[in-house]
Amino acid sequence: MNELRIENQSRRDFLKAGAGLTLALYLPAGAALAAVGKGGAEPFAPNAFVRIGADSSVTVVAKHLEMGQGTYTGLATLVAEELDADWAQVRVEGAPADVKRYANLGWGIQGTGGSSAIANSFEQMRQAGATARAMLVTAAAQRWNVAPETITVRQGVVSAGGALKASFGELAAAAAALPVPEKVALKSPRDFVYIGKRAPRKDSRAKITGQAIFTQDIRLSHMLVAVVAHPPRFGAKPKSFDAAAAKAVRGVADVVAIPSGVAVLAADFWSAKKGRDALKVDWDEAAAFRLGTAEILRQYQDLLDQPGASARKDGDAAAALAAAPKRLTADFSFPYLAHASMEPLNCVVRLGPDICEVWNGEQFQTVDQGSIAAVLGLKPEQVKLNMLYAGGSFGRRANPQSDYILEAVHIAKAIGGKAPVKLVWTREDDMRGGYYRPLYLHRLTAALDAAGKPVAWSHRVVGQSIMTGTAMEGGMVKDGVDRTSVEGAANLPYAIANIAVDLHSPRLGVPVQWWRSVGSTHTGFSTETFIDELAKAAGSDPVQFRRALLTAQPRHLAALDLAAAKAGWWSPLAPGKAGERRGRGVAVHESFNTVVAQVADVTVKADGSFRVDRVVCAVDCGIAVNPDVIRAQMEGGIGFGLTAALYGEITLKDGHVEQGNFPDYPLLKIGEMPVVEVHIVDSTANPTGVGEPAVPVIAPAVANALFAATGQRLRQLPLRLA
Amino acid sequence: MVTLNVNGVRRRVDVAADTPLLWALRDTLGLTGTKYGCGVGACGSCTVHINGVAVRACQTPVSAAVGKRIVTIEGLHSKTAKVVQAAWEKLDVVQCGYCQSGQIMSAVSLLVKNPKPSDADIDAALAGNLCRCATYQRIRAAIHEAARNLA
Ligand code: FES
Ligand code: FES
């Protein structure tokens with residue numbers, strides 16, 4: 001970490017921030033608004049991340065969105081570690097939008113994604129805790145008239161000798177009067193008391209009692225709920241509408257046109273939805289996207305035969321392919337995917353004079369602040385964002401166009417700001433609303449020498465660019481190559497002398513976006529199933545074959561060896577019942593600087609259906625800050641990736657999205673969840689991400705296991721046996 | 001105007017009779033622990049107990065709930081419920097948490113009927129409760145843990 005930005009925060013600023021929230025917010029008694037920055041009257045706020053109250057409560061201000069990945073727990077662990085707080089006295093609250101204090105240090109803007117939360121906060125949050133601790137120690141030393149070196153802090157108690165003891169609360173006011181030290185020495189890892197151990201999640205209690213507040217649960221006084229009629233095809237606009245039938249619905253208060261459709265507003269969701277269903281809208285479809293999946297695939301097929309923009313060139317792959325004695329080639333296909341978070345998209349907006357206040361599962365603060373300000377003619381700092389818990393996101397709530405957020409802002413503006421607006425997307429709005437993981441085709445070609453060693457590898461990717469047209473384009477798209485389209489392919493870890501990776505990024509009217517593990521969602525599959533094909537062609541064991549090509553990749557090797565050993569790779573898989581075929585497959589892949597290896601066992605039944613019985617997962621994510629959160633992210637990532645492997649598919653026909661809800665876009669069910677065993681590679685390196693890297697590994701591991709069981713190579717997702 | 005018995009309290013609710021119970025609970029009564037996930041009975045996020053049985057509130061018009069005992073996550077106070085929630089907390093089941101009210105309502109209803117469920121019993125009883133974060137392995141473990149603690 002080269003840059004640290006911890007700015008001092010005066011108590012007065014917190015009080016000011018707190019005052020903004022006194023408007024009526026109706027919440028159930030005891031509701032856990034853990035995620036909304038309440039500010040407070042804590043006497044001691046040494047920096048932007050820590051406040052300590054007279055009651056000894058430690059409030060950690062989390063700059064990252066809690067969307068399930070456990071970041072509130074992880075960030076609090078880092079502070080508690082250096083503060084030597086008692087875990088029970090620590091609470092977490094979401095940071096307001098303020099790029100100066102709360103930027104993601106890996107990005108320079110405020111936002112959550114790329115599995116970067118703990119990686120970019122590792123030093124910053126420990127410094128925040130250590131600074132607070134140093135000031136409490138100085139305050140105690142002055143009070144007791146002892147040398148600071150004689151003072152110990154353990155589990156929230158400051159003490160000296162045996163007799164002198166004080167709580168954080170008792171020292172808070174005195175500590176607040178001290179100068180804030182510039183930089184404080186951090187603990188040596190051998191002194192860690194929380195990092196590396198299990199710390200119970202900070203959001204558990206609220207989420208099992210129904211008290212956790214999501215955007216969907218916000219109700220402001222006089223608030224109206226908006227449900228929007230969206231165009232039936234991407235790129236269409238409302239031309240005219242007849243609101244008579246909608247307005248006749250009991251409870252409907254208003255109907256307004258906005259750029260993305262026509263909004264029906266009512267006091268409650270159900271009335272608004274009934275109004276929306278009764279609304280008649282005429283659409284201007286002049287610019288509408290009208291292709292279907294079949295036509296898109298045909299266009300992409302043509303591109304597969306033509307060279308694209310080069311993303312990697314080692315040696316001369318074409319010449320080596322032509323010269324080699326044995327050549328393999330395979331085409332792969334990946335559908336559009338919807339994020340389908342359990343909480344459909346929604347956003348609450350309240351306009352005031354020179355202010356816009358938003359309540360949202362807020363993932364992209366700096367971008368959203370800028371887009372909202374531009375629509376309303378405000379300054380970004382006049383846009384106040386309250387970050388709530390998100391019921392999932394998987395990337396969707398960090399939208400480069402701020403799409404659903406601006407929709408809510410446009411509605412509030414269209415009614416002249418006369419009432420706060422809660423925009424609610426139905427499940428169907430959410431699933432048909434675009435911003436999908438793009439559809440991709442890949443072609444891989446490789447050559448083996450006479451000894452069965454791969455000597456050439458060529459990989460072509462065809463699919464829409466996620467970054468083109470966004471504010472990130474400048475940094476992420478170079479010479480026609482969007483890094484996110486080829487990540488996981490351009491950095492193929494295997495030692496092969498001649499490698500060529502190239503890319504076509506056709507432009508299409510289907511909105512696309514990053515989706516949990518981004519490029520690796522497809523490159524992980526094609527590279528890891530194709531390397532398996534090469535192993536088979538070479539007559540080699542899949543683990544041994546990979547190992548021989550990974551001698552310069554110690555992290556890959558360690559994860560692969562650990563997964564293989566724990567899975568019992570070297571002993572035969574127990575046979576199935578009569579008529580059943582069983583198979584075991586392996587895959588290893590790096591994403592977001594984390595390496596994950598998985599071994600999957602599958603059983604194929606006599607009727608051709610199959611289940612994934614067990615997955616052994618090994619992960620190298622540097623220092624394991626919260627091992628149990630890491631295990632949970634591996635388990636959940638495997639389940640999420642398995643949904644894509646078994647079911648995930650958004651298709652289009654004449655520009656219409658054919659899926660709308662879970663009956664036609666199924667998610668994995670509890671009975672389909674394999675037994676998952678997670679092993680963490682010992683490491684002293686700084687932590688890397690865990691929210692995404694398990695996702696891309698499971699589909700290739702399962703496809704390789706299905707090959708072992710049936711001899712069928714599956715090169716299309718979702719996986720379907722013939 | 002209908003009168004509903006929610007969490008042991010009689011509540012007057014002024015909504016159209018076809019309004020799903022889900023929206024009466026959430027928007028009218030402010031009981032937001034019961035979640036909207038699909039609106040078509042396919043995800044289980046809206047699960048509540050009506051006369052002790054787990055049902056989907058998005059598929060139950062308020063008119064069909066009149067005169068019956070409705071319990072939501074906020075009103076879950078039985079011994080079984082406490083033990084289930086303690087197991088959920090001990091195993092840190094939750095991730096985003098959005099589906100978890102529904103999961104817990106289904107788990108409690110299962111354990112009341114079947115104090116010692118097998119994996120297959122759990123899979124069948126919770127097949128209608130989707131979790132996009134795929135917390136399933138821990139849900140299963142937490143139900144077994146709760147069953148042990150209730151025995
Ligand atoms: S919201 Fe009722 S089952 Fe999904
Ligand atoms: S915990 Fe996120 S949907 Fe279940």
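In the text below, chain A, chain B and the rest are named by the order of the sequence lines, each starting its count at 1. Below, each value reflects all heavy atoms present in this structure, side chains not excepted, and no hydrogens, waters or symmetry copies.
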| note | Turns out that what part of A/Glu428 lies under 4.5 Å from chain B's heavy atoms comes down to side chain
| task | Find the one option among A/Val675, A/Thr426, A/Asp628, A/Ile208 whose heavy-atom pairs under 4.5 Å with chain B are most numerous. | result | A/Ile208
| How far does SG of B/Cys133 sit from CE of A/Met67, to the nearest 0.5 angstrom? | 10.0 Å
| field | A/Phe640 versus chain B, the contacting section by heavy-atom distance below 4.5 Å | value | both
| request: Using a cut-off of 6.0 Å, state whether more than 12 heavy atoms not belonging to B/Lys90 lie near its atom NZ. | output: no
| Heavy-atom pair count under 4.5 Å with chain B, highest-scoring of A/Ser271, A/Ala632, A/Gly392 | A/Ala632
| request: Examine whether an atom of A/Ala340 lies under 4.5 Å from a heavy atom of chain B, and if so say whether it belongs to the side chain, the backbone or both; otherwise answer neither. | output: both
| task | Report the distance from atom SG of B/Cys38 to atom OH of A/Tyr665, rounding to the nearest 0.5 Å. | result | 15.5 Å
| message | Quick check for you: among B/Thr28, B/Thr34, B/Thr19, B/Ile104, which has the greatest number of heavy-atom pairs under 4.5 Å with chain A? | response | B/Thr19
| query | If you count heavy-atom pairs under 4.5 Å with chain B, which of A/Asp268, A/Val225, A/Val676 comes out on top? | reply | A/Val676
| said: As an exercise: rank A/Lys207, A/Met431, A/Arg516, A/Arg205 by heavy-atom pairs under 4.5 Å with chain B and give me the winner. | reply: A/Lys207
| message | Under a 4.0 Å threshold between the charged nitrogen and the carboxylate oxygen, would B/Lys35 count as salt-bridged to A/Asp217? | response | yes
| request: Apply the side chain to side chain donor-acceptor pair (under 3.5 Å) test between B/Asp92 and each candidate in A/Arg201, A/Arg198, A/Arg631; give the one that qualifies. | output: A/Arg198
| query | What residue, out of B/Leu126, B/Val40, B/Asn129, has the most heavy-atom pairs lying under 4.5 Å from chain A? | reply | B/Val40
| What part of A/Met342 gets closer than 4.5 Å to chain B, counting heavy atoms only: side chain, backbone, both or neither? | both
| remark: Given B/Arg132, B/Gln95, B/Gln137, the one with more heavy-atom pairs under 4.5 angstrom with chain A than any other is B/Arg132
| field | Pairs of heavy atoms under 4.5 Å with chain A: top-ranked of B/Gly33, B/Ala120, B/Gly97, B/Ala42 | value | B/Gly97
| Worked verdict on B/Leu130 versus A/Phe662 for side-chain contact (heavy atoms from CB on, under 4.5 Å) | CA-CA 9 Å; B/Leu130 302 180; A/Phe662 296 125; 3.8 Å; yes
| said: Can you tell me how far apart SG (B/Cys58) and CZ (A/Arg427) are? Round to the nearest 0.5 Å. | reply: 11.5 Å
| For A/Thr73, is it the side chain, the backbone, both or neither that has a heavy atom under 4.5 Å from a heavy atom of chain B? | neither
| request: Let me know if A/Ala199 has heavy atoms under 4.5 Å from chain B in its side chain, its backbone, both or neither. | output: backbone
| Interchain contact, A/Lys273 with chain B, by part (heavy-atom threshold 4.5 Å) | neither
| request: Select one option (side chain, backbone, both, neither) describing which atoms of A/Asn661 are under 4.5 Å from chain B's heavy atoms. | output: side chain
| remark: Minimal heavy-atom distance between A/Gly210 and B/Ser101, with the atoms involved, is CA-OG, 3.9 Å
| Measuring from B/Asp27:CG to A/Arg219:CZ, what's the distance to the nearest 0.5 Å? | 7.5 Å
| note | Scanning both residues in full, the closest heavy-atom pair of B/Tyr98 with A/Gln216 reads OH-CG, 3.6 Å
| remark: The interface call for B/Asp18 against chain A, heavy-atom contacts under 4.5 Å, is both
| When A/Ser204, A/Ser341, A/Gly639 are compared by non-hydrogen pairs under 4.5 Å with chain B, the top option | A/Ser204
| B/Gly37 to A/Pro344 - nearest heavy-atom pair and separation | O-CG, 4.0 Å
| request: Using non-hydrogen atoms and a 4.5 Å limit, figure out which bit of A/Pro674 sits close to chain B: side chain, backbone, both or neither. | output: backbone
| said: For B/Tyr36 and A/Phe269, take the angle between the two ring planes, folded into 0 to 90°, and tell me which bin it lands in: parallel under 30, tilted 30 to 60, perpendicular over 60. | reply: tilted
